[in-house]
Structures are given as C-alpha cells and as structure tokens.
Undergrad: 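Input: one structure, supplied below.
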Amino acid sequence: MNFRGHCYGLVLRSFRYLPFPLPLWSQSMARALLRWASFTSLETSSRLPFIQLPRTLNPRATSLAFSSSSAAAASSNYIHLSDEQLMAQCDMDTFKSSGPGGQHRNKRESAVRLSHRPTGIVAQAVEERSQHKNRAMALTRLRILLALKVRKAIDLDGYTPPSELLQILPAKSTIRGKDVGPQIGPNNPKFALGMQALLDLIFAVEGSVSETAKMLGLSTGALSRLILSDDSLRVTVNELRTSKGMRPLR
Amino acid sequence: MTLRFPFPVRSPLRPDLASSLHRRLSIPSRSSSSPTPLLSSDHRPPLFLRPPAFAASRTDLHDFRRWAESLALAAGPRLSASDGGPDAALLRRELAWLVEDATVAAASESGVGEELRLRVELEELYRLWRARIEERRPFQYIVGCEHWRDLVLVVKEGVLIPRPETEMVVDLVAEVEGFEKGLWADLGTGSGAIAVGIGRMLQEGGRVFATDLSPVALEVARLNVERYELKDKIELRRGSWFEPLRDVEGKLMGLLSNPPYIPSSHIPGLQAEVGQHEPKLALDGGEDGMDHLLHLCEGSASALKSGGFFAFETNGDEQSEFIVDLMSMKLGNFFHNIKMISDFAGIQRFVTGFRR
Ligand SMILES: C[S@@+](CC[C@H](N)C(=O)[O-])C[C@H]1O[C@@H](n2cnc3c(N)ncnc32)[C@H](O)[C@@H]1O
C-alpha cells in the first residue's frame, strides 16, 4: 500500500538530513518505531539505519575503534564504568540550541545528545518525554554503541571467554558451565557486555562464524541464530564480513 | 458505538467534526491576549489518570493515528516556519504520547482481541488532536500533564508548563552540602515542579515553602504535592514573592526561582503554544524582563540565612551576566561565589551563589 511506503520514506528522510551527526539507532528505538506497526512492516524497519558510525569520527577514535593496539585494549572497558563515570566522559547537549529557549519555548529542548569524548561516539535520544529520561536513554544507547564500535585485541591462543560472554550463549554451548545462570537476551542491559566480548572474538577471527562457534562450543547454526537475534549485532557482524569479502548472515 | 473516519489520508479535514469542535471549545483568536478560557475538560483529571471507560477497535485507533499523522505531516513545516512551533517530527512524538496516555498499557487490562480500552471517547481524541494542530493548544494541556525529570506533573490552562531546562535546578540543589535538612523556598512555584523535585530528596527537618500569586497555580501545585505524597514536606503559600515568607525571614537555606523573565516586547512574537495559551503572569518580566529577577536578588539578602544558597533561572546570557554583576559587585557584601551555569543548549541559564 502506498501510504506505508510513503511513510517509511519519511522516517528515513527526516533522520537523514538532520543537521547534526546522525542518530545512532538502537534496538529500543527500533522497537519504539515498530510500535508504529501501522506504518512499518518488520521487513522495512529492519532496513532502517539502526546503527551508524558518526559521520565525524575523530582520528583518534578511528584508531581506537579499529586498531588492536594495547592502548585500545586498555580503553575498551568503557561499558564497565558506572553511569556517573561514563557521563563524566561525555559532553551533553540538546539539539535545538537556536533561539532563547526556556520560557520562550514549548518543549523543544528535551532531546539529549551525548558525545563520548574518548571515542567521539555520539548517542542521542529524542523520544522520551523528559530531558531526564532522554539522558538515561542516550546513556543506554551509548553503552550499546561502545560495545559495537570499540574493539579489544584478544590473544586467540589460550582464549577463555569472559563470563559476560558465556551469559549470552544458549544453554547448549558445551563450554558454558551450569553455574553461568540463564541465558541473557538482547533486552537485558547486560547483553551489551556479552555482545562486546563476542564481537572482540569475531573480529579476532576476521569474521569467521564457524571458527567463533567452535571456540564457544556451539554449532555454526546456533551462533548464527544468536547473532541474528539482535539487529545491531547482526549489522556489525555483517559489515565486517562484507568488508572481508564474506557472505553476510541472514 | 464505533466511529469510522474513512476519509482519504490526504484530506484530513472533516467539516462536521470541525463544526462540532467550534461548538464545544472556545477558540482563542490570534489577537487575544488572555490565556485560553478554562475548558470544561479542565475539571477532569489528566488523561492518563482517567478510568478506561471507553472502547474502540484496533482498526479504529489505527485509523485515528493515520489521520492524525497526516495532519501532523501536513502542518509541521508550516508551524515551525511561522513562529518556531512544532515540526512534524515533534508532532509525531506527541501523537505517540497522546495515544500512550489515552490507552491502557498493561496487556492484561487493555482488552482482548480487537477491542481496546480508552480513557476518552475516540471522537474526543479526534477533537483533541485537531485542537493541537489548529488552535496550537499545547500538547501538555491536552493530556493534562508534563513529564519532567522522572515526575509526571499535572498541568492545565492557567499554569506554566514546566520546561526541560528547569530540570537542572534540582541537580543544582542536590550539590549543596546539607541541603536535605534545610528550609527551602520555591518562589513562583507554578505547577510545583521545582518544589516537588526538591521535596522528594529532603530528609527529616527539610521543608520547602512553595509560593505563587496565582490561585490556579497553587491549585495545580497542590494536586502534584498530593500525588507525590509530599504534604508534610511542602507548604504552599499564596502571595507575591517574599511577602508570604515573613515568618521565615533569615532562616532559609535556599531560595529557588524561575520567575517570569521574558521582556514584554517579546510576548507578541512568542510561538502560539506559549503566547496564546500560557498565562502572561508566568511569562512577562517587564520591559527588559528583569523586573522580578531584580526584586528577588534584592530580597535574597534578608531572606537567606548565612551560608544560604540561591539559584535563579534567567532568559540567558545577558540577564545572567547582569545578575552576576549585581550580586558580586553592588551586593558583594552579602553574597559570594556567584556563578553562571549554562543549560544543555549552551545558554547561560542559571545564576547561583551563596549568602555570606
Ligand atoms: C515561569 S513561571 C515558573 C513556574 C514553575 N516554577 C516552573 O519552573 O515551571 C513563573 C511563576 O511565577 C508566578 N508569579 C508571577 N508573579 C508573581 C509574584 N509577584 N509573586 C509570586 N509568584 C509570581 C507565576 O504565577 C508563575 O507560576
């Protein structure tokens, strides 16, 4: 139906031409969009730009995100920081800085943008109803982005997966002990920690799903399903695979 | 009864609805200077607190959304270009929030199958959204609340809708040593936003006096104080600025105010949601916008106890600089550690300092 396609185009367009670095979509934002089920079918919404690197990554950030230097390794623990510690590394602003604001305006300045100084990663939130909540949402998104974008070099010889990675693996993994507890899914805030460790491993083996699966005691199919269970994880893995000339997972 | 609006998306106007709207609501004209007259709906609780006494089919709600969305997409560019009003993206978010407030969230309660439970009649939803777009009635008055920090505050015509910038006043107070046990005043409390934000953090012995000249503001503030069960922490008093605080003169640990600070000459050019719907008493700060701020600065010396803290919101850089100058030079004998604090848009929004 026409209206549907029309609206989808608008969603995309209205975000593509925003006058600041692109919003970094997280699953929850995607989910919020999906609640507009009347306008976006699952199929189209999965093509929305969930996650993108900010257009203006500073040079240091690029090396942090993609090098395997020890400096990068040291700084890859951002998402282990408390909210306060992480906030302290961020500049926060609102998007609409034109005009006098305050009493002059009806609700325009509650959107929040966090710029993480060490990496240049930007996370923002507009859809919550207060500035306070937008800030909390932006911080959640920043954690997901840090997990997706900041890579830590790992030593494949004698690699043992950290517990946060074990927690996101399905129970059938042969290396997952009983004491690990129930599997943590993408809706759990702790998922980002496991996702970061999983991506570290996948990057270390240059995108090979079968090799990663072997190291995690899973079948290739089971690992693929885990990767596909989260949109941002899938997109990140597929970007890597495409860049290495491999077929994207689907 | 189910209502259907099977009109095409591109012609969102429906004459019969529009005329019934005109009958039911009094529409402020562009030139009218007073806030919107109190509507009958004003005596009803905010949307999200009403019982889900109505029903509609999912298809009906879907149709409403499509209609409302098309209205928003068509009007947004015009409204934002004319006076800095809401753009289409903001209107769409508001629409999502309207539906959120009008429906029942819990799946168990929201009705089974095709039926949805609503807190207003579907027909009323159409009217409300039309008032939003065509009369520029602020979204917050339509739903009867504003989300501010982690609070949901009741608001209605006659009281200022608390602004996101002002959320920071609460953080400024939280940094003051020993604030939890002190006596505080929120002058010109409006909906009670600042007072409730502070009141919730206070401990034994801590108290907020929240004052306003407007009876409507005090009535709304009372609702919010009661909703957050802060009656024993917040005392509402009616009167002009320091007048109702004579008995605590010199005993206050802190003075907080977001007084009207818009220069009178700016009032006619304000975006319609503000200029035509919010109370002038809450906005107009006199010729240069500083009438009330200056009064507050002068009164602070005798109101605060030694070591007491103040935080005032201003119109921005110019007013803030003026006040810093006043407090640290002319009134420098009384105050110290005067600072400007910027909001998240980078505007010097607050002036803070301490009584010597
Ligand atoms: C900008 S509003 C601020 C409301 C609320 N504190 C907030 O931040 O949302 C200013 C408030 O000052 C009140 N006000 C105006 N003149 C006043 C006066 N002379 N004495 C006390 N309050 C006054 C208005 O009624 C209004 O509620």
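All chains are named by letter (A, B, ...) in the order of the sequence lines, taking the proteins before the strands, and each is independently numbered beginning at 1.
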Undergrad: Less than 4.0 Å between a side-chain N and a carboxylate O, is that true for B/E157 and B/R137?
TA: yes
Undergrad: Please check if any side-chain donor atom of B/D284 sits under 3.5 Å from a side-chain acceptor atom of B/S264, or the reverse.
TA: yes
Undergrad: For chain A, which of B/D317, B/I161, B/N315 has the most heavy-atom pairs under 4.5 Å?
TA: B/N315
Undergrad: Flag the one option from A/K133, A/H104, A/M92 with the top tally of heavy-atom pairs under 4.5 Å to chain B.
TA: A/H104
Undergrad: Given a strict heavy-atom distance threshold of 4.5 Å, which part of B/A88 is in contact with chain A: side chain, backbone, both, or neither?
TA: neither
Undergrad: Between B/V152, B/D101, B/V99, which shows the greatest number of heavy-atom pairs under 4.5 Å with chain A?
TA: B/D101
Undergrad: Is it the backbone or the side chain of B/D171 that comes under 4.5 Å from a heavy atom of chain A, or both, or neither?
TA: side chain
Undergrad: When you check the gap from the basic side-chain N to the acidic O, do A/R129 and B/E94 get nearer than 4.0 Å?
TA: no
Undergrad: Is it the side chain or the backbone of B/L283 that comes within 4.5 Å of chain A heavy atoms, both, or neither?
TA: both
Undergrad: Relative to the ring of A/Y78, is the ring of A/H116 parallel (under 30°), tilted (30 to 60°) or perpendicular (over 60°)?
TA: perpendicular
Undergrad: Heavy-atom pairs under 4.5 Å with chain A - which of B/E167, B/M168, B/E273, B/Q140 has more of them than the others?
TA: B/E167
Undergrad: Thinking salt bridges, do A/D231 and A/R234 make one under a 4.0 Å N-O criterion?
TA: yes
Undergrad: What are the two closest heavy atoms between A/F191 and A/I168, and how far apart are they?
TA: CD1-CG2, 3.7 Å
Undergrad: Examine whether an atom of B/L90 lies under 4.5 Å from a heavy atom of chain A, and if so say whether it belongs to the side chain, the backbone or both; otherwise answer neither.
TA: side chain
Undergrad: Do B/N258 and B/P162 have side chains that get closer than 4.5 Å, going by heavy atoms?
TA: no
Undergrad: If I measure from the heavy atoms of chain A, does B/W97 come under 4.5 Å with its side chain, its backbone, both, or neither?
TA: both
Undergrad: Given a strict heavy-atom distance threshold of 4.5 Å, which part of B/R149 is in contact with chain A: side chain, backbone, both, or neither?
TA: both
